[in-house]
Amino acid sequence: QVQLVESGGGLVQAGGSLRLSCAASGRTFSISAMGWFRQAPGKEREFVAAINWIGNTYYADSVKGRFTISRDNAKNTVYLHMNSLKPEDTAVYYCNAGGTYYSDNYRPSTYWGQGTQVTVSS
């Protein structure tokens, strides 16, 4: 089993920045790729960004150029640096670990964090 704990969400004005963190514990040796997803009210959960063990990254078009995913393998932690935030980025952000990373896709595993709320005001 893998446990994931997200942090760093909050309320920010449009144009502002936030950094989300996701710390993994448990069977962390089984984790290669990690990713972030988000779910806005009334919408389905959608992919945001993913990173593999060696640091290759993949982003949704909606966040490309504004968000950066990174990871610290020694700390079993993945980060999501969010800049130039827009009201449409408002959502609960979820971390996923141990999914399958492709150059143009990320298939999530069954390991999810509890989510952290990001609210961007206009």
Side-chain angles (χ1 to χ4, degrees):
Q1 290 290 334
V2 174
Q3 294 79 42
L4 302 170
V5 178
E6 299 108 329
S7 60
L11 173 64
V12 64
Q13 289 188 332
S17 300
L18 281 175
R19 188 186 78 162
L20 306 183
S21 300
C22 172
S25 61
R27 295 172 60 90
T28 57
F29 62 86
S30 66
I31 297 174
S32 55
M34 301 182 75
W36 288 95
F37 290 72
R38 67 186 181 186
Q39 187 167 18
K43 295 186 177 181
E44 293 187 354
R45 190 173 297 188
E46 65 175 5
F47 169 78
V48 176
I51 187 168
N52 67 5
W53 178 258
I54 59 173
N56 297 123
T57 58
Y58 171 64
Y59 298 93
D61 288 342
S62 59
V63 306
K64 201 173 295 182
R66 300 188 298 122
F67 291 10
T68 301
I69 188 171
S70 63
R71 66 189 293 173
D72 185 331
N73 291 333
K75 295 181 179 179
N76 294 312
T77 299
V78 66
Y79 305 97
L80 187 66
H81 307 260
M82 305 185 295
N83 297 319
S84 302
L85 282 162
K86 305 175 181 179
E88 51 263 44
D89 294 318
T90 295
V92 178
Y93 283 70
Y94 296 91
C95 175
N96 181 270
T100 304
Y101 177 91
Y102 304 93
S103 61
D104 60 354
N105 198 4
Y106 175 79
R107 187 173 67 197
S109 73
T110 57
Y111 298 126
W112 295 93
Q114 82 287 355
T116 184
Q117 177 70 46
V118 171
T119 303
V120 184
S121 63
S122 58

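Numbering starts at 1 and runs along the sequence shown.
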Within this structure, what is the [atom1]-[atom2] distance for the pair [X] and [Y], rounded to the nearest 0.5 Å?
| X | Y | atom1 | atom2 | value |
| --- | --- | --- | --- | --- |
| H81 | T68 | NE2 | OG1 | 7.0 Å |
| Y94 | Q114 | OH | CD | 9.0 Å |
| R27 | Q1 | CZ | CD | 8.5 Å |
| N56 | I69 | CG | CD1 | 11.5 Å |
| Q117 | T90 | CD | OG1 | 7.0 Å |
| T57 | F67 | OG1 | CZ | 14.0 Å |

According to a 4.5 Å side-chain heavy-atom criterion applied to Ile, Leu, Val, Met, Phe, Trp and Tyr, with indirect links allowed, do [X] and [Y] form part of one hydrophobic cluster?
| X | Y | answer |
| --- | --- | --- |
| Y79 | V118 | no |
| L4 | Y101 | no |
| V78 | Y106 | no |
| Y111 | F47 | no |

Please find the pair of heavy atoms, one from [X] and one from [Y], that lie closest to each other, and give the distance.
| X | Y | answer |
| --- | --- | --- |
| G99 | S32 | O-OG, 4.0 Å |
| A24 | V2 | CB-CG1, 4.4 Å |
| L80 | A49 | CD1-CB, 4.2 Å |
| I51 | S70 | CD1-CA, 3.8 Å |
| R66 | S84 | NH1-O, 2.9 Å |

Do [X] and [Y] touch side chain to side chain, with heavy atoms closer than 4.5 Å?
| X | Y | value |
| --- | --- | --- |
| F37 | V92 | no |
| W36 | C95 | yes |
| L20 | T116 | yes |
| R38 | D89 | yes |

* Asked: Centroid-to-centroid, Y58 to Y102, below 6.0 Å?
  ->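 No, the ring of Y58 stays outside the 6.0 Å limit from the ring of Y102, centre to centre.
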* To do: Report the C-alpha distance between D61 and K64 in whole Å, list the side-chain angles of each, state the deciding distance to 0.1 Å, and finish with yes or no for salt bridge (charged side-chain N to carboxylate O under 4.0 Å, His left out).
  => CA-CA 5 Å; D61 288 342; K64 201 173 295 182; 3.1 Å; yes
With distance as the sole test, does [X] use its side chain to make a donor-acceptor pair with the main-chain N or O of [Y] at under 3.5 Å?
| X | Y | value |
| --- | --- | --- |
| N96 | S109 | yes |
| R107 | T100 | no |
| R71 | N52 | yes |
| E6 | G115 | yes |

